[in-house]
Amino acid sequence: MFDSALYRDVFSTPAMRTVFSDEAQLKAYVQAEVALATAQGEAGVIPREAAEAIARQAPTIALDIEQLKRDTENVGYPIVGLVRQLSERLGEAGRYLHWGATTQDIMDTATVLQLREAVALIEAQLGEVVATLANLARLHRDTPMAGRTHLQQAMPITFGHKAAIWLSALQRSADRLEQVKPRALQAQLGGAAGTLASLGDRGLNVRAAYARVLGLVEPDITWHVARDGLVEMVQTLAVICGALGKIGYDVMILMATEIGEVFEPFSSHRGASSTMPQKRNPISSEILLANAKASRDAASLMLDAMVQDLERATGPWHCEWLALPQVCLLTAGSLAQAQFMLSGLIVDPQAMKRNLHATRGLIVAEAVMMGLAPALGRQLAHDEVYAACRDAFDRGDALLDALLRRPAIASALPRDQLAALCEPSNYLGTAGAMVDRVLARRGKR
């Protein structure tokens, strides 16, 4: 799907596909090799002139991709073939390329370089969606609507409160993303079994310089088989997809014909059916839900791949090659779909008001019960209001009328107070205040 001419911009974005293209991956491999040579030249492990030649020439060498493909299929990894091609074209300096490193050092570091670029894209996209949701929450802070639990009307809320809940989840994800970067974006350099023995007593100095040249975190110890940093990053991205999937699920339900409170942006034939001209399907929301489910599988695969054998894995490492790019691609796609959908979301306060009054007051039964409790006691108030609700439901009339037919209730509170309790917009609790707190938190980040 990510490479499909038809679907690639449905499930992801051009920018994220570029990050995980073959060209970008090979560039990252070369960048890691150059950084290694530079660090070793500084430490005196290889001649400084050789390091300078590698840094100057290696990025300009045109690789034979077909040969590299054959080498990769034969060896199982691309680095042996890559180093051979570079070394042949680097002349004398080529003798010092890949000095003391192992294939996984270069591949892991390249993955981290790609991941760093991917995270930067995701952070920018996430910031846009957060800003859009903040505007929705602020605009509809006091727009009342029916809150629903178990797909049934429960109590009044505001649409701003709903949007602020969506927003708060993404705010926390932004925090998680920032917090995980130092643990995930670490350079990898350990040599054959992780001890840097090939670099003698200068191994740690080389690794420190290597990380510095690449702008990555210097690890305390080799992490060839300790994959928690990358796993945590993938879980964080999957959480973002999940949070966006929840938004999409809500919007899909609220777009249902029988509810009709919000709608995805309109454009000609968007969400159209091939046979039902009246249809307006929730296309972006459907992709958000699908991507959330797919990212869950990628996150699960990364967790499974954490269980690695001894000092170098025999197979779990390969699982990451599938899962990590996939979750980055899915996250970028979800954020793009969410921004499109939320920035043009059509909100219908009149439909919300209509649905809020659809039960003729039953949605505020709790408000009536709590209003009667001081006079009748909580349990008796509950039983009386419960009986009134059943009566109103059976007769098809308003809760207020059913309340007034109950002597215990009619004698406890005057009609005007009962009527005020039956007005949904009077029972919004601290919804607005909580919206304000979420918006204020965004301003402090």
Side-chain angles (χ1 to χ4, degrees), residues 1-4 7-20 111 114-133 136 162-163 165-181 183-185 228-253 264 282-306 319-343 345:
M1 285 298 184
F2 300 125
D3 295 324
S4 164
Y7 290 106
R8 61 193 179 197
D9 291 335
V10 172
F11 290 97
S12 193
T13 64
M16 192 59 77
R17 285 199 307 279
T18 297
V19 171
F20 288 101
T111 294
Q114 290 175 280
L115 184 58
R116 179 174 65 184
E117 190 172 349
V119 168
L121 292 175
I122 287 167
E123 286 180 317
Q125 288 183 281
L126 184 58
E128 293 176 354
V129 176
V130 163
T132 297
L133 279 174
L136 273 176
K162 179 183 287 291
I165 290 175
W166 296 341
L167 171 60
S168 67
L170 293 180
Q171 287 176 332
R172 290 188 292 272
S173 283
D175 291 342
R176 292 185 192 100
L177 203 53
E178 185 64 31
Q179 292 158 8
V180 71
K181 285 194 290 185
R183 295 187 287 274
L185 303 182
D228 55 289
L230 295 184
V231 172
E232 185 183 2
M233 177 63 81
V234 168
Q235 308 309 304
T236 300
L237 298 181
V239 167
I240 293 173
C241 287
L244 296 171
K246 187 276 187 289
I247 296 173
Y249 206 3
D250 277 5
V251 170
M252 278 193 285
I253 293 173
E264 289 191 2
I283 299 304
S284 290
S285 297
E286 291 175 0
I287 298 301
L288 294 179
L289 186 58
N291 281 8
K293 294 177 181 294
S295 69
R296 184 275 314 273
D297 284 350
S300 176
L301 184 57
M302 288 292 291
L303 284 168
D304 192 277
M306 282 189 75
C319 296
E320 296 179 1
W321 307 356
L322 301 169
L324 189 147
Q326 181 179 359
V327 80
C328 291
L329 289 159
L330 290 167
T331 305
S334 285
L335 286 165
Q337 292 285 353
Q339 177 62 9
F340 170 82
M341 184 258 285
L342 293 170
S343 63
L345 192 69

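Since the model is a prediction, treat every value here as computed from it, not as a measurement. Residue numbers count from 1 along this sequence.
- Listed here is the closest heavy atom pair of Ile287 and Gln337: CG2-CG, 3.9 Å.
- Applying the salt bridge (Lys or Arg N to Asp or Glu O under 4.0 Å) test to every pair with at least one member in residues 324-335, sequence neighbours left out, gives no pairs at all.
- Atoms CG and CG, on Leu230 and Leu185 in that order, are 8.5 Å from each other to the nearest 0.5 Å.
- Scanning for side-chain contact (heavy atoms from CB on, under 4.5 Å) contacts around Asp9 gives Pro14, Arg17, with sequence neighbours left out.
- Summarising the geometry of Met16 relative to Ile122, their closest heavy-atom pair is CE-CG1, 3.7 Å, with the distance given to 0.1 Å.
- Here the shortest heavy-atom pairing between Leu126 and Ser173 reads CD2-C, 4.5 Å.
- The side-chain hydrogen bond (donor to acceptor under 3.5 Å, both in side chains) pairs that include a residue from residues 287-301 are Asn291-Ser334, where partners are two or more places apart or lie in different chains.
- Glu128 approaches Gln339 most closely through the heavy-atom pair O-OE1, 3.3 Å.
- The shortest heavy-atom contact between Glu264 and Pro282 is OE2-C, 3.3 Å.
- Atoms CZ and CD1, from Phe340 and Ile283 in turn, are 10.5 Å apart once rounded to the nearest 0.5 Å.
- Evaluation of the salt bridge (Lys or Arg N to Asp or Glu O under 4.0 Å) test over residues 320-343, restricted to residues two or more places apart or in two chains, returns Arg227-Glu320.
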**Request:** Carefully, step by step, assess Gln125 and Thr13 under the rule side-chain contact (heavy atoms from CB on, under 4.5 Å).
**Result:** CA-CA 11 Å; Gln125 288 183 281; Thr13 64; 4.1 Å; yes
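- Side-chain contact between Glu123 and Glu178 is present, with heavy atoms from C-beta onward closer than 4.5 Å.
- Residue pairs satisfying the side-chain hydrogen bond (donor to acceptor under 3.5 Å, both in side chains) criterion with at least one member in residues 322-332, sequence neighbours excluded, are absent.
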Sequence neighbours left out, cut at 3.5 Å: what donor-acceptor pairs do the side chains of residues 232-247 make with other protein atoms?
{"from": "Glu232", "atom 1": "OE1", "to": "Arg183", "atom 2": "NE", "distance (Å)": "2.9"}
{"from": "Glu232", "atom 1": "OE2", "to": "Arg183", "atom 2": "NE", "distance (Å)": "3.4"}
{"from": "Glu232", "atom 1": "OE2", "to": "Arg183", "atom 2": "NH2", "distance (Å)": "2.8"}
{"from": "Gln235", "atom 1": "NE2", "to": "Val231", "atom 2": "O", "distance (Å)": "3.3"}
{"from": "Gln235", "atom 1": "NE2", "to": "Ala299", "atom 2": "O", "distance (Å)": "3.0"}
{"from": "Thr236", "atom 1": "OG1", "to": "Glu232", "atom 2": "O", "distance (Å)": "2.9"}
{"from": "Lys246", "atom 1": "NZ", "to": "Asp250", "atom 2": "OD1", "distance (Å)": "2.9"}
{"from": "Lys246", "atom 1": "NZ", "to": "Asp250", "atom 2": "OD2", "distance (Å)": "2.8"}

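- Environment of OH in Tyr249: sparse, with no more than 12 heavy atoms of neighbouring residues, nucleotides or ligands closer than 6.0 Å.
- Using a 4.5 Å cut-off on side-chain heavy atoms (C-beta onward), Thr111 and Trp321 make no contact.
- Note that the SG atom of Cys319 and the CG atom of Leu303 stand 11.5 Å from one another [nearest 0.5 Å].
- When all heavy atoms of Met341 and Ser284 are compared, the pair lying nearest together is CB-CB, 3.9 Å.
- Rounding to the nearest 0.5 Å places CG of Leu301 at 13.0 Å from CE of Met306.
- One finds the CG atom of Leu324 at 9.5 Å from the CG atom of Leu329 (value rounded to the nearest 0.5 Å).
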